[in-house]
Amino acid sequence: MDMQKKIVMSGIRPTGFLHLGNYFGAVRNYVRMQEEFECYFMVADLHSLTTHPDTKELKENVHRVLSENIACGLDPDKAALFCQSHVYETSELYLYLNMLAYKGELEKTVTFKDKVRQHPENVNAGLLTYPVLQAADIILHRASYVPVGKDQEQHLEMARNFANRFNHRYGDVFPEPHAFNYGDELVKVPGLDGTGKMSKSENQMATLYLSDDDEMIRKKVMKAKTDSGPTEPNSTKPDYIENIFGLMKLVSSVETIAKYEGDYNNCVIRYGDMKKQLGEDMVQFITPIREKAEGIRNNPAYLKEAMEKGAEKARKSARATMELVRQAMGLNYF
Ligand code: TYM
C-alpha cells in the first residue's frame with residue numbers, strides 16, 4: 001500500500017524582519033520537516049492586512065521573509081514556499097468557515113484582545129476572524145502538523161474546533177491539525193529585557209533579528225538585564241537571568257552552558273563575561289543567515305521563480321480540497 005506522507009502547513013506574517021523567536025519557534029522545524037513530510041509554508045500577507053492596511057512596504061517585506069526562510073535552510077524544491085494571497089481558494093474556505101465560527105469564541109481569543117488593547121482605533125472584522133483565516137490556511141491542505149511557537153497554541157485549538165465542526169456538519173473532509181515541535185513542548189523564545197516573548201512589534205532592543213549586524217547583536221545582548229549575582233549557592237534564578245540562560249541554550253555549546261551554570265551555582269558568575277560570550281555565539285549563529293538572506297534578496301528572478309513554484313504546488317493541493325469541500329457541503333448543483 002502507498003504510505004501517504006503526513007501533511008505539514010505553517011505561516012509567518014510579513015510585518016517585519018524575522019527574529020530569533022520565529023527561527024526557534026517555527027523555521028527550524030520547517031527545515032527538518034521538509035525532509036520527512038509534504039510541506040506547505042507560506043508568507044501570511046493577508047493576515048498582515050488586519051493590522052497593517054498600508055501596503056507600500058508589503059512587497060519588500062514579502063521578499064525579505066521569503067529570503068530569510070530560504071537562508072535558514074528552507075528549500076523551495078522540497079517544500080511549497082508560497083504567498084497566501086496567491087491561493088484564492090483560501091478566501092473561499094475562509095468564507096465557509098466563518099459561518100461555523102461564533103462571535104463569542106472569537107472575541108475571547110487572547111491575540112484578539114491584545115490587538116484591541118494595542119489598536120482600539122482599528123478593531124476590524126478581519127481581526128476578529130483572524131483565527132478563522134488561519135484555520136482556512138491550514139485545513140485547505142488537509143494538514144495534520146503545524147510547526148509553530150507557543151504563542152500560536154490557542155489559534156491551533158480553534159483550527160481544530162473549526163475543522164471538527166465542519167466534519168460533523170458536512171462529513172469528514174479534514175484531519176485534525178495539531179501544533180508541532182520536535183521536542184516535548186512548543187517553544188517560547190524570551191525577549192532580552194526579561195519580560196514576555198521576543199516579538200516583531202514590541203521592544204526592538206529586546207529582539208534579535210536575523211538581519212541585525214554584528215555590532216547591533218553585541219549591543220543588544222550586552223543591554224540584557226542582570227543584577228549583582230546570587231549570594232546563596234544553588235539559588236533559583238530570577239526570570240531575566242533564566243532568560244539569558246535560555247537564550248544561551250539555543251546557540252552556545254554545552255561546555256559554555258555548563259561553565260556558566262556552575263559559576264551561577266557557586267556564586268562566582270560574571271554576567272558581563274557571560275553576555276560577551278552569548279553575544280559572540282549569537283553573532284556566529286546569525287551572521288551566515290543574514291549574509292545568505294541578503295544574497296537571495298538581491299536576486300529577484302530567483303525569488304519570483306521560487307514563489308511561482310510554491311504557488312503552483314499550493315494551488316493544486318487547495319483545488320483538490322475545495323472539490324471535496326463543495327461536494328460535502330452540497331454546493332454541487334449540476
Ligand atoms: P507570526 O508571524 O507572529 O510568527 C511566525 C512564527 O514564529 C513563531 N514565534 C515564536 N516562537 C517562539 N518564540 C517567540 N518569541 C516567537 N515569536 C513568534 C510563531 O509561533 C509562529 O510559528 N498567525 C501566525 C501566522 C499564520 C499561520 C497560519 C501559522 C497565518 N496562517 C497557518 C500557522 C499556520 C502568526 O502571526 O505568526
Side-chain angles (χ1 to χ4, degrees), residues 8-31 33-34 39-91 126 130 133-134 137 140-141 147-149 152 198-202 204 207-214 216-217 285-318:
V8 172
M9 195 280 149
S10 197
I12 300 181
R13 279 170 307 152
T15 47
F17 299 85
L18 289 203
H19 53 72
L20 228 52
N22 300 132
Y23 181 82
F24 286 103
V27 183
R28 177 173 60 166
N29 286 322
Y30 300 179
V31 173
M33 293 180 101
Q34 69 182 349
C39 292
Y40 297 88
F41 297 127
M42 146 197 116
V43 181
D45 55 342
L46 300 178
H47 273 111
S48 71
L49 298 177
T50 60
T51 50
H52 295 60
D54 186 347
T55 52
K56 269 199 301 294
E57 289 170 14
L58 198 51
K59 183 172 174 178
E60 195 187 320
N61 285 338
V62 165
H63 283 199
R64 183 165 30 226
V65 172
L66 285 169
S67 307
E68 288 175 331
N69 270 288
I70 297 169
C72 290
L74 233 146
D75 181 347
D77 287 317
K78 289 182 180 156
L81 181 58
F82 64 101
C83 280
Q84 187 179 29
S85 61
H86 289 165
V87 183
Y88 309 139
E89 286 80 359
T90 311
S91 309
Y130 183 112
L133 181 56
Q134 180 162 345
D137 295 330
L140 185 59
H141 303 289
V148 284
Q152 294 295 313
M198 218 173 252
S199 101
K200 283 178 242 179
S201 42
E202 277 142 51
Q204 300 300 301
T207 299
L208 288 169
Y209 293 99
L210 299 180
S211 54
D212 281 342
D213 65 35
D214 297 358
M216 183 58 92
I217 296 168
F285 179 80
I286 290 174
T287 303
I289 298 177
R290 181 188 67 230
E291 288 173 351
K292 201 160 169 217
E294 274 167 13
I296 299 165
R297 214 167 55 235
N298 292 327
N299 189 348
Y302 171 77
L303 278 178
K304 177 168 182 280
E305 196 194 312
M307 252 188 283
E308 281 172 351
K309 243 188 296 201
E312 200 174 308
K313 285 190 250 182
R315 283 193 204 119
K316 187 167 172 234
S317 141

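Interatomic distance, OG of Ser10 versus CD of Gln152, reported as 8.0 Å (0.5 Å rounding). Note that CG of Asp137 is 8.0 Å distant from CG of Leu46, once rounded to the nearest 0.5 Å. Here CE of Met42 is found 12.5 Å from NE2 of His86. Values are rounded to the nearest 0.5 Å. Note that OG of Ser211 and CD1 of Ile286 are 8.5 Å apart. Values are rounded to the nearest 0.5 Å. Note that the CZ atom of Arg297 and the OH atom of Tyr302 stand 14.5 Å from one another [nearest 0.5 Å]. For the atom pair CG (Leu140) and CD (Glu89), the distance works out to 6.5 Å, reported to the nearest 0.5 Å.
For Glu312, the CD atom is loosely surrounded, since the number of other residues' heavy atoms within 6.0 Å does not exceed 12.
Nearest heavy atom pair, residue Phe41 against residue Ala79, reads CD1-CB, 3.8 Å. Across Met198 and Leu208, no two heavy atoms sit closer than the pair SD-N, 3.6 Å. Gly310 approaches Phe82 most closely through the heavy-atom pair C-CB, 3.6 Å. Closest of all the heavy-atom pairs between Leu210 and Arg290 is O-CB, 3.2 Å. Counting all heavy atoms, side chain and backbone alike, Gln134 lies closest to His47 at N-NE2, 3.4 Å. Counting all heavy atoms, side chain and backbone alike, Ile296 lies closest to Ser67 at CD1-O, 3.8 Å.
Gln34 places a side-chain N or O within donor-acceptor distance of the main-chain N or O of Gly73, the cut-off being under 3.5 Å. Judged purely by atom type and a 3.5 angstrom limit, Ser48 has no side-chain atom pairing as donor or acceptor with the backbone of Pro14. Under a 3.5 Å cut-off, the side chain of Thr207 and the backbone N or O of Ser199 do form a donor-acceptor pair.
Taking the side-chain contact (heavy atoms from CB on, under 4.5 Å) definition, one finds that Asp54 meets it with Lys56, sequence neighbours left out.
Between Phe285 and Tyr23, the ring-plane angle classifies as perpendicular under the 30° and 60° cut-offs. Note: Tyr40 and His141 have parallel aromatic rings, judged against thresholds of 30 and 60 degrees for the angle between ring planes.
A side chain to side chain contact (heavy atoms under 4.5 Å, CB included) with Ile12 holds for exactly one of Leu66, Asn69, Val43; it is Asn69. Exactly one of Thr55, Asn61, Thr15, Val62 qualifies for a side chain to side chain contact (heavy atoms under 4.5 Å, CB included) with Asp45. That residue is Val62.
Look at Glu305 and Lys309 and you find a salt bridge, because one of the NZ, NE, NH1 or NH2 atoms lies within 4.0 Å of a carboxylate O, short of that distance. Arg64 has no carboxylate O lying under 4.0 Å from a charged side-chain N of Glu68, or vice versa, which leaves the two without a salt bridge.
Side-chain contact between His63 and Met307 is present, with heavy atoms from C-beta onward closer than 4.5 Å.
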Could you go step by step and tell me if Arg13 and Gln84 meet the side chain to side chain contact (heavy atoms under 4.5 Å, CB included) rule? CA-CA 10 Å; Arg13 279 170 307 152; Gln84 187 179 29; over 6 Å; no
